[in-house]
Amino acid sequence: IEPLLNSNDDTYAEPPVGLDEEVDRTNPIAYSHVYWTKKPYPAIQHFIEQMTEEGDVVLDNMAGSGMTGVAALASNRKTILADISPAATWIGKNNLTPVDLNELQNAFERVADDIEDEIQDLYKADCPDCGNTGTLAYLRYSEVHTCKRCGTEINLDEAEQKPRTSKYYCPGCESEMNPNSQEPKDIVPVGAIYSCDTCGGRGNKKRDILQSDLDLLEEIEDREIPYWYPENDMLPNSRINVDEGMSIPDLYTKRNLIALSTLRNSILEQTEEGAIRNALLFTFTAILPITTRMVQDRDKNGILKGTYYIPPKNKEANVWNTFAYKFNRNVSSAKEHIAEILDNDYNPETDARVYTADGRDMANIPDESIDYAFIDPPYGDTVPYSEVNYLWSTWLQEDEDFAREIVVSDSSEREDKDEDKWEEEIREVFEEVYNKLKPGRWVTITFNNSDPTMWERFNKAIIDIAFTPYNGSLTIDIMKS
């Protein structure tokens, strides 16, 4: 592919002006697919429009979910994005790609016609109010523990929780017990949240577990998972709650693995390779974290981002309901939004590049060809991106490059990924950025790590590369001399 080039050699010597107020983070693209760290693209756009002109080329070689690219295209600039994680470039590529909304809706409806009823049969729920059958929205689960002091069984759903802590009181001896500090005796279903077409509820009727729920779960456990699903082992890392021997299927219930494999297979069968299929698979990967056992049993659904933490009280979400909601409320709106902000002359073949590549090696980009760079590098040990992206990459049948990722990891299998190595590799990234920037052009760096040691290491890594520094209020902005 021919590189993106701009023949404009003007310099932009004026330092940028920082943001004087917080930008709106609630644009549709922000909600379409979770990523562990994500800058709102209007904030990045603020800097791009100061430091470049229309038609200039904007680089982000540690691009994550691609918000620099969205901001560049919204400003009628060209963009080059790269990230070492194939899951990140999958998200970034889809965030930049407009589609025909009518074709996308038709494809969604084909998938719905194909497998919605089949999947919803997995989530049948008896309604005691009217005697008919409804549909589960969530099945609630709770750990059961044994009190170390008196031996009483403690079902966390029934036990009293100590206010503002993760501890519970034993009903037998009233001693305190922290479920995170001991293995549970069992994990049991304790309640259902469901809808009933006969007497209503819209997914918010609540009841206790019935024998029919247990019978359905037993029948599902005897089934084979009908289509492909990832069985990959995960890298052990206690910091992100991955134990030795843990694998991707351990994150899911048997029912949700059946539903997800069925949904993925239908998307592949009902669409041809291209942007429409990718948009539906993008919706699919967007729901992968929130259909795991990691969803907390609270009024608002959520997971502990950047980890694989399975809370002692969790919820199993209905896969089809989650997929349909994500598509109708978030992905469709995001696709409409990206179409609105793009210039009418936008051509993804000539105006954008998205690579899965090491930010230290951009040989496909000519030296001194980039007009501006906006980079949000990994913050040391804050998030081990390839490890937490592994859930997505395995379902995408892609390999994370753990060896080349720039990170400080606590995994026993990545002991070479320490702070010294991180500092050395970050320096190599910005040496490459320096080589690719035109003389007199700027790079803006955001580095959100509150550890002063990591700030010192970061400054040491980049300050003597030959950039001319300028300290902005919210960013470090440095110009190629």
Side-chain angles (χ1 to χ4, degrees), residues 34 36-37 138-193 206 208-209 213-214 217 233-256 288-317 379-384 387-388 390-391 408-415 449-451:
V34 69
W36 316 119
T37 56
Y138 301 94
L139 194 69
R140 300 175 49 244
Y141 283 83
S142 174
E143 291 182 353
V144 177
H145 288 260
T146 300
C147 178
K148 293 181 178 180
R149 176 174 293 182
C150 71
T152 299
E153 284 194 1
I154 307 170
N155 185 321
L156 300 185
D157 191 59
E158 300 170 354
E160 180 185 357
Q161 186 170 4
K162 186 177 182 179
R164 297 180 296 279
T165 74
S166 59
K167 296 179 180 179
Y168 291 79
Y169 293 110
C170 171
C173 65
E174 297 186 352
S175 62
E176 296 178 5
M177 187 276 298
N178 186 343
N180 294 316
S181 64
Q182 65 183 63
E183 289 296 314
K185 177 182 179 182
D186 201 358
I187 302 171
V188 296
V190 293
I193 304 170
K206 298 180 180 180
D208 293 334
I209 286 295
D213 299 320
L214 300 177
L217 288 174
D233 291 334
M234 303 166 72
L235 288 183
N237 187 339
S238 60
R239 188 174 177 276
I240 58 171
N241 306 95
V242 180
D243 296 329
E244 190 78 38
M246 193 169 173
S247 65
I248 294 296
D250 294 330
L251 299 173
Y252 294 96
T253 63
K254 180 71 170 291
R255 170 161 48 196
N256 278 13
L288 288 174
I290 55 176
T291 51
T292 65
R293 297 167 53 222
M294 299 187 291
V295 177
Q296 301 177 67
D297 184 15
R298 297 178 178 176
D299 290 338
K300 290 187 177 181
N301 302 323
I303 64 172
L304 189 60
K305 292 182 180 180
T307 76
Y308 290 105
Y309 174 65
I310 298 175
K313 293 165 64 175
N314 57 73
K315 291 191 295 191
E316 174 195 43
Y379 316 139
D381 68 346
T382 304
V383 181
E387 293 175 50
V388 293
Y390 196 55
L391 175 63
V408 178
S409 174
D410 297 307
S411 173
S412 59
E413 297 186 14
R414 307 180 78 188
E415 293 180 351
N449 190 316
S450 58
D451 182 352

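All of these numbers come straight from a predicted model, not from anything done at the bench.
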Heavy-atom pair of closest approach, residues [X] and [Y]:
| X | Y | value |
| --- | --- | --- |
| Y168 | Q161 | OH-OE1, 3.5 Å |
| A159 | I154 | CB-CG2, 3.6 Å |
| L304 | Q296 | N-NE2, 4.1 Å |
| L235 | E413 | CD2-OE1, 2.9 Å |
| D213 | D208 | OD2-O, 4.3 Å |
| L217 | P189 | CD1-CG, 4.1 Å |

Legend entry - Enclosure of R239 CZ (heavy-atom neighbours >12, cutoff 6.0 Å): yes
Inset, instruction - Give a yes or no on this: more than 12 heavy atoms of other residues, nucleotides or ligands lie within 6.0 Å of atom CD of E174. - result: no
Legend entry - Modelled atom types, side-chain donor and acceptor of N256 and T291, under 3.5 Å: no
Inset, instruction - Return yes if a side-chain donor-acceptor contact under 3.5 Å exists between S409 and E387, otherwise no. - result: yes
Inset, instruction - Could you give me the CA-CA distance, side-chain angles and deciding distance for L139 and R255, then say whether side-chain contact (heavy atoms from CB on, under 4.5 Å) is met? - result: CA-CA 11 Å; L139 194 69; R255 170 161 48 196; 3.4 Å; yes
In the structure I gave you, are the side-chain heavy atoms of [X] and [Y] within less than 4.5 Å of one another anywhere?
| X | Y | answer |
| --- | --- | --- |
| L391 | Y308 | yes |
| Q182 | M177 | yes |
| P312 | N180 | yes |
| S175 | C150 | no |

Legend entry - side-chain contact (heavy atoms from CB on, under 4.5 Å) assessment of Y169 paired with K162: CA-CA 7 Å; Y169 293 110; K162 186 177 182 179; 3.4 Å; yes
Inset, instruction - Mind checking the CG-CE spacing from N314 to M294? Nearest 0.5 Å is all I need. - result: 10.5 Å
Inset, instruction - State the CG-OG1 distance between D451 and T382, to the nearest 0.5 angstrom. - result: 8.5 Å
Inset, instruction - For a side-chain contact (heavy atoms from CB on, under 4.5 Å) with S142, tell me which candidate from N155, I187, D186 qualifies. - result: N155
Inset, instruction - Determine, step by step, whether T307 and V388 satisfy the side-chain contact (heavy atoms from CB on, under 4.5 Å) criterion, reporting the C-alpha distance in whole Å, the side-chain angles of both residues, the deciding distance to 0.1 Å, and the verdict. - result: CA-CA 6 Å; T307 76; V388 293; 5.9 Å; no
Legend entry - Derivation and outcome, side-chain contact (heavy atoms from CB on, under 4.5 Å), residues Y141 and K313: CA-CA 6 Å; Y141 283 83; K313 293 165 64 175; over 6 Å; no
